[in-house]
Number of protein chains: 2
Amino acid sequence: MAYTVKKLAQISGVSVRTLHFYDEIGLLKPAYYGENKYRYYEEEQLLLLQQILFFRELKFNLNDIQRIMGSDDFDKIDTLLAHKKILKDDLSRIQSMLRTIDKTVSHLWGKTKMSEQEIFDGVRPHDDKKQKDYETYLLDKKIMTQKDLEQSWKRVENWQKEDWEKFHKSGDELNQSLAVAVEKNLAPESAEVQKLIRRHYEMVNYFWTPNKETYIGLGNLYREHPDFQKYYAKFHPQLVEFLIKAMKIFAERNL
Amino acid sequence: MAYTVKKLAQISGVSVRTLHFYDEIGLLKPAYYGENKYRYYEEEQLLLLQQILFFRELKFNLNDIQRIMGSDDFDKIDTLLAHKKILKDDLSRIQSMLRTIDKTVSHLWGKTKMSEQEIFDGVRPHDDKKQKDYETYLLDKKIMTQKDLEQSWKRVENWQKEDWEKFHKSGDELNQSLAVAVEKNLAPESAEVQKLIRRHYEMVNYFWTPNKETYIGLGNLYREHPDFQKYYAKFHPQLVEFLIKAMKIFAERNL
DNA sequence: TATTGACTCTCACGTTACGTCATACCTTAT
DNA sequence: ATAAGGTATGACGTAACGTGAGAGTCAATA
């Protein structure tokens with residue numbers, strides 16, 4: 001019961017080309033060749049191939065696999081343990097890369113916050129009474145916890161007037177772009193709009209990290225509260241609903 | 001104060017060849033060329049190079065870096081956050097590789113130390129009456145032919161108790177993994193689950209080679225027969241249905 | 001000034017593990 | 001007999017350079 005290349009390929013999940021290649025480099029030779037030059041494999045080769053693929057999954061290169069296949073179990077243990085060290089190094093390198101990314105993102109955020117200033121709208125410093133109103137809503141609906149709110153406030157405790165200006169400017173720019181999108185009849189699920197929503201999400205994320213439900217909940221706040229309605233209506237009458245729809249889609253796709 | 005290739009290379013820690021290459025692909029052009037065709041760089045290029053190297057460290061490929069360098073900070077943030085997801089995936093893949101290595105090493109260690117045997121489940125030698133039941137089903141539904149059955153039996157005619165134990169152990173291990181997958185809410189079409197199904201397919205393939213229809217038919221046998229139901233329920237109540245779904249997907253994709 | 005050593009340039013092939021044609025032969029079923 | 005599908009052997013492409021080869025250039029020294 002010999003396998004042809006295609007059959008072996010299907011069973012083991014590799015390509016025919018891979019089998020050709022493994023033959024070529026001597027990693028896995030067929031059991032025999034037909035006189036038509038066809039390659040025929042048997043159970044033994046299937047088992048060998050499975051071992052090869054096992055090591056390949058572990059990111060061994062084919063040269064090493066070649067060596068491993070000809071070695072005994074003691075050697076295999078050695079090799080595996082040596083490989084483990086390499087993987088651990090990879091691991092910690094990736095971890096440090098992740099930290100670097102986080103730092104860079106927040107740095108860039110700060111930079112965009114600090115960029116030039118145009119007056120699109122006057123500065124609107126916080127009205128504490130209303131703010132509390134929103135907070136009550138967010139807490140009631142379990143969109144944010146008390147801890148979330150505190151951390152969020154800590155983010156801005158050192159902000160100067162200038163910082164608030166930049167912040168509002170970023171938001172206004174974003175909403176202006178969204179208003180254009182509404183005007184152009186773009187769909188909330190279109191790639192362009194979703195990219196803008198991602199910007200919205202990133203801005204929010206700077207203060208607090210929403211999940212699927214809470215991000216949608218935040219959208220609802222925009223609808224419920226007259227102040228938000230008014231704010232968004234300045235850009236476009238249909239913007240609130242459009243934004244909420246787009247946020248929902250974004251949340252369902254990405255969060 | 002222009003740098004020649006070698007000087008810039010030394011300062012930035014790359015090779016001269018790299019600078020040649022970056023010039024060639026347009027990633028970093030020198031400030032100007034001398035009439036001797038020499039490349040001359042200035043501070044501006046040094047800063048650009050440092051940015052390039054920053055992203056290179058984060059494992060961006062040069063194409064992406066090229067794009068990044070021409071984009072604004074918002075786009076950079078997007079790109080970085082997208083990249084972060086990729087890195088996180090890499091991270092968890094490496095973590096699972098480390099676990100696999102540990103398991104393999106201890107397995108090999110056990111093997112070399114003694115030809116141990118673990119009792120995962122008692123041996124269940126065949127009950128002939130029931131077996132005939134299954135065979136009738138398989139023949140009726142044209143899932144296997146008489147010839148298939150005979151060949152399949154020939155495979156096991158020389159099996160010893162040990163062989164059956166090993167066989168059952170493999171099966172149990174596989175089902176255990178699948179049960180974990182169910183528990184983790186993995187989708188039947190996910191790569192992880194499909195890899196497990198491939199193992200199932202290979203085990204079946206040892207006895208008989210199913211095609212798309214018959215492999216799906218085999219799945220149905222599992223649902224129809226109370227013995228199979230009971231067997232799979234031992235691992236997880238939803239396992240049968242999950243397995244059948246996953247087998248169907250596997251068959252449609254690979255057979 | 002001539003020479004030497006360090007530096008530069010432009011090809012161009014090698015690397016890894018295959019993917020992707022191209023072209024031609026083989027097998028199997030209708 | 002013809003068509004469909006499998007198989008074989010090239011041979012080029014990939015990513016990001018490393019590593020020469022052969023030839024011209026620059027700066028310092030004898």
Side-chain angles (χ1 to χ4, degrees), chain A residues 1-42 45 48-69 83 86 90, chain B residues 1-42 45 48-49 51-69 83 86 90 209 211-212 254-255:
Chain A
M1 263 284 281
Y3 303 112
T4 65
V5 274
K6 181 123 205 243
K7 284 199 187 129
L8 182 60
Q10 281 177 341
I11 291 174
S12 59
V14 303
S15 70
V16 172
R17 174 69 174 109
T18 298
L19 293 177
H20 283 170
F21 183 65
Y22 287 178
D23 181 8
E24 186 186 332
I25 64 173
L27 179 56
L28 183 72
K29 294 276 183 195
Y32 59 93
Y33 298 91
E35 55 180 77
N36 48 16
K37 296 283 192 175
Y38 282 21
R39 294 170 178 82
Y40 294 103
Y41 299 86
E42 304 199 337
Q45 281 72 41
L48 285 173
L49 180 53
Q50 280 166 353
Q51 282 191 58
I52 291 170
L53 297 180
F54 172 79
F55 287 108
R56 195 181 67 163
E57 290 264 298
L58 295 176
K59 296 271 183 197
F60 282 89
N61 63 49
L62 298 189
N63 257 331
D64 289 344
I65 294 179
Q66 189 124 239
R67 207 177 28 69
I68 290 168
M69 299 294 289
H83 197 62
I86 296 173
D90 287 357
Chain B
M1 259 280 285
Y3 303 111
T4 66
V5 273
K6 182 123 207 243
K7 282 197 186 136
L8 181 60
Q10 282 174 342
I11 291 173
S12 61
V14 304
S15 70
V16 171
R17 174 67 173 116
T18 298
L19 293 177
H20 283 171
F21 184 64
Y22 287 177
D23 181 7
E24 188 184 332
I25 63 172
L27 179 56
L28 184 73
K29 295 275 183 198
Y32 59 93
Y33 299 91
E35 56 181 75
N36 48 17
K37 296 282 189 179
Y38 282 21
R39 294 170 177 80
Y40 295 102
Y41 300 86
E42 304 200 336
Q45 282 71 40
L48 285 173
L49 180 53
Q51 282 192 58
I52 291 169
L53 296 180
F54 171 79
F55 287 108
R56 196 180 67 164
E57 288 266 298
L58 294 176
K59 296 273 184 194
F60 282 89
N61 63 51
L62 299 189
N63 257 332
D64 288 344
I65 295 179
Q66 189 124 235
R67 206 177 32 68
I68 291 167
M69 299 293 288
H83 197 62
I86 296 173
D90 287 357
T209 301
N211 60 26
K212 197 198 307 189
N254 303 292
L255 304 183

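Judged by distance alone, with hydrogens and angles left aside, the side-chain atoms of Q51(B) form no donor-acceptor pair with the main-chain N or O of L48(B) at under 3.5 Å. In this structure, Q45(A) contributes its side chain and E42(A) its backbone to a donor-acceptor pair below 3.5 Å.
Between H20(A) and dT7(D) there is no side-chain N or O to OP1 or OP2 distance below 4.0 Å. The shortest distance between the side-chain N/O atoms of S15(A) and the OP1/OP2 oxygens of dC18(C) is not below 4.0 Å. For Y22(B) and dC17(D), the shortest distance from a side-chain N or O to OP1 or OP2 is below 4.0 Å. For R56(A) and dC18(C), the shortest distance from a side-chain N or O to OP1 or OP2 is below 4.0 Å. Regarding contacts with the backbone of dA16(D), every side-chain N or O of T18(B) stays at 4.0 angstrom or more from both OP1 and OP2. An OP1 or OP2 oxygen of dC7(C) is reached within less than 4.0 angstrom by no side-chain nitrogen or oxygen of T4(B).
In this structure, CG of D23(A) is placed 17 Å from P of dA17(C), rounded to the nearest angstrom. Note: CD1 (I25(A)) to P (dT15(C)) measures 13 Å, nearest angstrom. Atoms OH (Y41(A)) and P (dT7(D)) sit 10 Å apart, rounded to a whole Å. Across the protein-nucleic acid pair, Y3(A) atom OH and dG6(D) atom C1' stand 18 Å apart, rounded to whole Å. The interatomic distance linking L8(A) (CG) with dG6(D) (P) rounds to 15 Å, in whole Å. Computed from coordinates, the L49(B) CG to dA16(D) P distance equals 15 Å when rounded to whole Å. Note: CZ (F60(B)) to P (dA16(D)) measures 13 Å, nearest angstrom. If you measure from atom CG of D64(B) to atom P of dA15(D), you get 11 Å, rounded to the nearest angstrom.
Side-chain contact between D23(A) and R39(A): present, with at least one pair of heavy atoms (C-beta onward) separated by less than 4.5 Å. Residues P30(B) and Y40(B) are not in side-chain contact: their nearest non-hydrogen atoms beyond the backbone lie 4.5 Å or more apart.
Other residues, nucleotides and ligands place no more than 12 heavy atoms under 6.0 Å from the NZ atom of K7(B). Remark: Q50(A) CD is packed, more than 12 non-hydrogen atoms of other residues, nucleotides or ligands lying under 6.0 Å away.
Heavy atoms of Y33(A) sit nowhere under 4.0 angstrom from any nucleic acid atom.
Two residues, R17(A) and Y38(A), neighbour DNA chain C, and the one matched to the more 5' nucleotide by heavy-atom proximity is R17(A). Closest-nucleotide positions on DNA chain D for V16(A) and N61(B) were compared, and the one nearer the 5' end corresponds to V16(A).
Note on ring orientation: taking the six-membered ring where Trp is involved, the planes of H83(A) and F60(A) are parallel (angle under 30°, cut-offs 30° and 60°).
Comparing dT8(C), dC26(C), dC26(D) by their nearest atom to the side chain of N36(B) picks out dC26(D). Listed nucleotides: dC17(D), dC9(C), dT7(D). Nearest to the side chain of K37(B): dC9(C). Across dT7(D), dT9(D), dA17(C), the shortest atom-to-atom separation from the side chain of R39(A) is found for dT9(D).
With the end axes of the helix from dT1(C)-dA30(D) to dT30(C)-dA1(D) each set by five pairs, the angle from one to the other reads 30° at 10° resolution.
How far CD1 of I11(A) is from OH of Y3(A): 4.5 Å, rounded to the nearest 0.5 Å.
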